[in-house]
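What you see is a predicted model; the values in this text were computed from it and never measured. In what follows, every heavy atom counts, from backbone to side chain, and hydrogens, waters and symmetry copies are set aside.
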Amino acid sequence: MKIANLLGRGVEYCGVTKCIIEMNKYKNCDNYYIEMKKWGRNAFNKKQFILLKDYNKLNEYDWVFIQSIPPKIKNKDDKNLEEWNKLLNTIETKVAFFNHDHNIISIKRNLGLIETCEKADIIFTLCKENDFVKFINQHNKNFINKLEVFEPMFNFDKKNWKQYEEKNIQLIHWVGRTTTWKRFEDFFLFHNKFNNWTLIMEGLEKSIAFCRVKKFKEIYNDTTLEKNKENIILDKSKINIFGPYKNVELLEKIKSEGFGCQISALKKKYINRNYEYSHCELINSGVVCIFNVEWFKHCIHRKQQIPFTEIKNSGIIWFDKNKVDECVKEIKKVANNKELYNQYRENAFKLWKEHGEAEIIYNNIISTLKSRLCKECDEIKNGDYCDCDD
């Protein structure tokens, strides 16, 4: 099956782009983008992406996977929507639209959403109870017949793992952004809980939301504006905060550290089996991971069919802001025992590989596409019917 991935916007480093990169690692596809906006978070290798100039090129493929659609841009919406509709009308092959957005605010920032849903033969979303499904259902009840669920895919391996003795075990590294659902404020609850440990937060850009960080100014060491991060002296009496990072450089550092912390939390309606790439990247880096119980009490493990938090010996240390001391106690216990540390990360790696391995997710997508095709007429079935049923 010959597949083209399509970004309806400029290439930036985000979850959508990461999805395509991980898909390419497992099964090579051709990746195209439409440059309607320049992006700030673009510091990564774009060699896997091709600027699409001839829209007819997409008709050389069995399927076009639309992974993102154009953003709304002041004074340019009419022109950009016209161009996007021109592209959609050019496509004659089969189309699958992948919606990666969680929140209605993000969804409403997009352009041509309904037009893309109308064009798509199949619509993939992360959860059938989310804002996206509610939004499109208000516009066209028939879209529900096109809906399928997918999850992020990741290629897990241990090539970056370091031995216990090579690590700075007494270091906890929080990764995220200055946005509320990343729960950056909760990490400050760790202050003064670890004697002579190093605590780092990385990714806190100086946006409007940074005012919520400033209220903790007495307990953090602000290095967000420092350009040379290598020469920064970390303060073990405070939480050291850093600004935006380059993904490759961050993961190179984390593999030599003890613990990775990602304590994002979303409402149940956004989750199902969904998770973030930063969860996967920390697991893959060979650190022991601290994840939020609020997220994973709703996330159902693919193989075991129960929430992650109910799985015994998961290898994950669960963060609960109402039980911080219990979390701290477990972190210290694991840090002080080489055998236990290795057992935790091995268990977590196995659990996540069973849940989100690229081979599993990709093959599920392909199986879904094939199951939607009527064997008699090679047409797409919407729900349980096709034209052959008439």
Checklist entry - Residues in ring pair (Phe, Tyr, Trp, His ring centres under 6.0 Å) with F291, at least two apart? => result H279, F296, W352
Checklist entry - Residues in side chain to side chain donor-acceptor pair (under 3.5 Å) with N292, at least two apart? => result none
Exercise answer: donor-acceptor pairs, residues 334-343 side-chain atoms, under 3.5 Å, sequence neighbours excluded:
| unit_1 | atom_1 | unit_2 | atom_2 | d |
| --- | --- | --- | --- | --- |
| N336 | ND2 | K332 | O | 3.0 |
| N337 | OD1 | E339 | N | 3.1 |
| N337 | OD1 | L340 | N | 2.9 |
| K338 | NZ | E165 | OE2 | 2.5 |
| Y341 | OH | G258 | O | 2.6 |
| N342 | OD1 | R345 | NE | 3.2 |
| N342 | OD1 | R345 | NH2 | 3.1 |
| N342 | ND2 | K338 | O | 3.4 |

Item to check | Donor-acceptor under 3.5 Å (N284 side chain, C280 main chain) | outcome: no
Item to check | Stepwise ring-ring contact (aromatic ring centres under 6.0 Å, His included) check, F150 with H100 | outcome: CA-CA 9 Å; F150 81 110; H100 296 260; 5.2 Å; yes
Checklist outcome for this item: Heavy-atom nearest pair, T93 first then D121, reads O-OD2, 4.5 Å
Item to check | Close side-chain approach of W84 to L87, heavy-atom, < 4.5 Å | outcome: yes
Checklist entry - Taking atom NZ of K119 as the centre, does the number of heavy atoms from other residues, nucleotides or ligands within less than 6.0 Å exceed 12? => result yes
Item to check | M1 reachable from M23 in the ILVMFWY side-chain graph, under 4.5 Å edges | outcome: yes
Next on the checklist: With a 4.5 Å cut-off on side-chain heavy-atom distances among I, L, V, M, F, W and Y, is there a chain of contacts connecting I104 to F143?
Outcome noted: yes
Review item, side-chain donor-acceptor pairs of residues 208-216, under 3.5 Å, at least two apart:
| unit_1 | atom_1 | unit_2 | atom_2 | d |
| --- | --- | --- | --- | --- |
| R212 | NE | E185 | OE2 | 3.2 |
| R212 | NH2 | E185 | OE2 | 2.8 |
| K215 | NZ | E185 | OE1 | 2.9 |

Item to check | Side-chain donor or acceptor of K236 paired with backbone N/O of N195 under 3.5 Å | outcome: no
Item to check | Under 3.5 Å donor-acceptor, N56 side chain and N59 backbone | outcome: no
Next on the checklist: Quick one: does any side-chain atom of K27 pair with a main-chain N or O of A358 as donor and acceptor, under 3.5 Å?
Outcome noted: no
Checklist entry - Is any side-chain heavy atom of L282 less than 4.5 Å from a side-chain heavy atom of I290? => result no
Checklist entry - Is the number of heavy atoms from other residues, nucleotides or ligands under 6.0 Å of E82 CD greater than 12? => result no
Checklist entry - Excluding sequence neighbours, so at least two apart, what forms side chain to side chain donor-acceptor pair (under 3.5 Å) with K321? => result none
Item to check | Test item: side-chain donor near acceptor, S314 and N347, under 3.5 Å | outcome: no
Checklist entry - Does a side-chain heavy-atom distance below 4.5 Å link L58 with T90? => result no
Checklist entry - E357: what forms a salt bridge (charged side-chain N to carboxylate O under 4.0 Å, His left out) with it, not counting sequence neighbours? => result K353
Checklist entry - Quick one: do I50 and I69 end up in the same hydrophobic cluster if we chain Ile, Leu, Val, Met, Phe, Trp and Tyr together by side-chain heavy atoms under 4.5 Å apart? => result yes
Next on the checklist: How close do G260 and V287 get, counting heavy atoms only, and between which atoms?
Outcome noted: N-CG2, 3.6 Å
Checklist entry - Run the ring-ring contact (aromatic ring centres under 6.0 Å, His included) check on F135 and H139 step by step: do they pass? => result CA-CA 7 Å; F135 182 79; H139 287 78; 4.8 Å; yes
Checklist outcome for this item: Shortest non-hydrogen pair, S371 vs T368, comes out as OG-O, 2.8 Å
Item to check | Over all atoms of both residues, closest heavy-atom pair of R372 and N145 | outcome: NH1-O, 2.6 Å
Item to check | Those residues that, when tested against H191, pass ring pair (Phe, Tyr, Trp, His ring centres under 6.0 Å) (two or more places apart) | outcome: none
Item to check | With Q170 via side-chain contact (heavy atoms from CB on, under 4.5 Å) - residues at least two apart | outcome: N168, W197
Item to check | Test side-chain contact (heavy atoms from CB on, under 4.5 Å) applied to R302 - qualifying residues, sequence neighbours left out | outcome: E151, R273, H355, I360, I361, N364
Item to check | Stepwise ring-ring contact (aromatic ring centres under 6.0 Å, His included) test for F190 and F187 | outcome: CA-CA 6 Å; F190 276 164; F187 189 76; 5.4 Å; yes
Item to check | Check ion pair K253-E249 (N to O, under 4.0 angstrom) | outcome: no
Item to check | Short N-O contact, K134 and E129, less than 4.0 angstrom | outcome: no
Checklist entry - Salt bridge or not for K297 and E310, using N-O below 4.0 Å? => result no
Next on the checklist: Run the side chain to side chain donor-acceptor pair (under 3.5 Å) test against E252 and tell me which residues pass, sequence neighbours left out.
Outcome noted: K255
Checklist entry - Under 3.5 Å, is there a donor-acceptor pair between the D131 and Y270 side chains? => result yes
Checklist entry - For I306, does the CD1 atom have more than 12 heavy-atom neighbours from other residues, nucleotides or ligands under 6.0 Å away? => result yes
Checklist entry - In Å, rounded to the nearest 0.5 Å, how long is the span from CD1 of I254 to CG of L171? => result 9.5 Å
Checklist outcome for this item: By side-chain contact (heavy atoms from CB on, under 4.5 Å), K323 pairs with (sequence neighbours left out) D320, E326
Checklist entry - Just wondering, are more than 12 heavy atoms of other shown residues or ligands nearer than 6.0 Å to CG in D78? => result no
Next on the checklist: Closer than 3.5 angstrom, by distance alone: can the side chain of N89 be matched with the main-chain N or O of N85 as a donor-acceptor pair?
Outcome noted: yes
Next on the checklist: If you count heavy atoms of other groups shown closer than 6.0 angstrom to NZ of K303, is the number above 12?
Outcome noted: no
Checklist entry - Of all residues at least two apart in sequence or in a different chain, which pass the side-chain contact (heavy atoms from CB on, under 4.5 Å) check with K350? => result E354
Next on the checklist: Quick check with a 6.0 Å cut-off and a 45 degree axis cone: is K238 positioned over the face of Y220's six-membered ring?
Outcome noted: no
Checklist outcome for this item: Heavy atoms of G315 and V288 approach each other most closely as O-CG1, 4.4 Å
Checklist entry - Shared ILVMFWY cluster between I300 and L351, side chains joined below 4.5 angstrom? => result no
Checklist entry - Between N274 (side chain) and L126 (backbone), is there a donor-acceptor pair under 3.5 Å? => result no
Checklist entry - Can you find a pair of side-chain heavy atoms, one from K182 and one from W174, that are under 4.5 Å apart? => result yes
Item to check | D222/K217 salt bridge by N-O under 4.0 Å criterion | outcome: no
Checklist entry - Does one side chain, of N5 or Q67, offer a donor that lies under 3.5 Å from an acceptor on the other? => result yes
Item to check | Residues K25, E22: salt bridge by 4.0 Å N-O rule | outcome: yes
Next on the checklist: Y362 vs Y26, test: ring-ring contact (aromatic ring centres under 6.0 Å, His included). Steps then yes/no.
Outcome noted: CA-CA 8 Å; Y362 180 87; Y26 175 68; 5.6 Å; yes
Checklist entry - Should E294 and K268 count as an ion pair when the cut-off is N to O under 4.0 Å? => result no
Item to check | Ion pair D101/R109, N-O distance below 4.0 Å | outcome: no
Checklist entry - Just one of Q163, K158, K159 clears the side chain to side chain contact (heavy atoms under 4.5 Å, CB included) bar with W161, so which one? => result K158
